[in-house]
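Reading through the structure tokens given below for one structure.
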Amino acid sequence: MPESERLVPVAPEFFVRDIERSIAFYERLGFTVVRQEPDFAVIALREDVHVLLAAEAQTSRERWNVSPRGVGLNIRIMVDDVDAVYQRAKAAGAPISQEIADRDYGLRDFIVADPDGFMLRFASPLPAR
């Protein structure tokens, strides 16, 4: 690991079929590449929001080569402007699994699926009433 790479408290690791395809998808959502190797990448939305991408070919195919992926799980990522992230996702043609809306639990959010079916919930707090 490069010395300049900051370790964040929680960074989900997704085993993906195609590293380059996944990186391109996440870059369209506003992530940047922090570190990239042929079979592994660290991408960041902010300094404290990282996602790890690992090529499934580097793992036991029997263990990770399953579909659909991410069933029953989504990763919530808090952002300053969820509407801007939503517009970026729509413009990129990302598959929206749950449309953007104000929720009764105090967030405005939406869910998008990555190319391997992993679900990301982008959210911003609703203004106090």
Legend entry - Contact check, side chains of His50 and Leu45, non-hydrogen atoms, under 4.5 Å: no

Legend entry - Glu20 CD to Phe25 CZ distance, which is reported to the nearest 0.5 Å: 15.5 Å

Legend entry - Side-chain heavy-atom pair Ile19, Glu37 within 4.5 angstrom cut-off: no

Inset, instruction - Determine whether Arg103 and Asp109 make a side-chain contact, defined as any pair of heavy atoms from C-beta on separated by less than 4.5 Å. - result: yes

Legend entry - From CG (Asp81) to CD (Gln87), nearest 0.5 Å: 9.5 Å

Inset, instruction - Say whether Met78 and Phe110 are linked into one hydrophobic cluster, either directly or through other cluster members, by side-chain heavy-atom distances under 4.5 angstrom. - result: no

Legend entry - Residue pair Phe14 / Ile75, side-chain heavy-atom distance below 4.5 Å: yes

Legend entry - Any Leu53 side-chain heavy atom under 4.5 Å of Phe31 side chain: no

Inset, instruction - Please answer whether the main-chain N or O of Val82 pairs with a side-chain N or O of Ser124 as donor and acceptor at a distance below 3.5 Å. - result: yes

Legend entry - Pairwise side-chain contact, Leu120 with Ile77, heavy-atom cut-off 4.5 Å (strictly under): yes

Inset, instruction - Would you confirm whether Arg35, through its side chain, and Ala41, through its main-chain N or O, come within 3.5 Å as a donor-acceptor pair? - result: no

Inset, instruction - For the pair Asp116 (side chain) and Arg17 (backbone), establish whether a donor and an acceptor sit closer than 3.5 Å, ignoring hydrogens and angles. - result: yes

Legend entry - Any side-chain heavy-atom pair of Glu13 and Phe40 under 4.5 Å: yes

Inset, instruction - Kindly give the heavy-atom pair with the smallest separation between Met119 and Ala113, and that separation in Å. - result: SD-CB, 3.6 Å

Legend entry - Partner residues of Asp18 under the side-chain hydrogen bond (donor to acceptor under 3.5 Å, both in side chains) criterion, sequence neighbours left out: none

Inset, instruction - Would you please indicate if the ring centroids of Tyr86 and Phe122 are separated by under 6.0 Å? - result: no

Inset, instruction - Inspect the surroundings of CZ in Arg28 and state if more than 12 heavy atoms from other residues, nucleotides or ligands are less than 6.0 Å away. - result: yes

Legend entry - Heavy-atom check, side chain of Ile23 versus side chain of Gln36, under 4.5 Å: yes

Inset, instruction - Give the minimum heavy-atom separation between Arg121 and Tyr105, together with the two atoms involved. - result: NH1-OH, 3.0 Å

Inset, instruction - Kindly check if the number of other-residue, nucleotide or ligand heavy atoms within 6.0 Å of CD (Glu47) is above 12? - result: no

Legend entry - Joint hydrophobic cluster, Val79 plus Leu126, side-chain heavy atoms closer than 4.5 Å: no

Inset, instruction - Apply side-chain contact (heavy atoms from CB on, under 4.5 Å) to the pair Val34 and Ile43, showing each step before the final yes or no. - result: CA-CA 5 Å; Val34 173; Ile43 56 174; over 6 Å; no

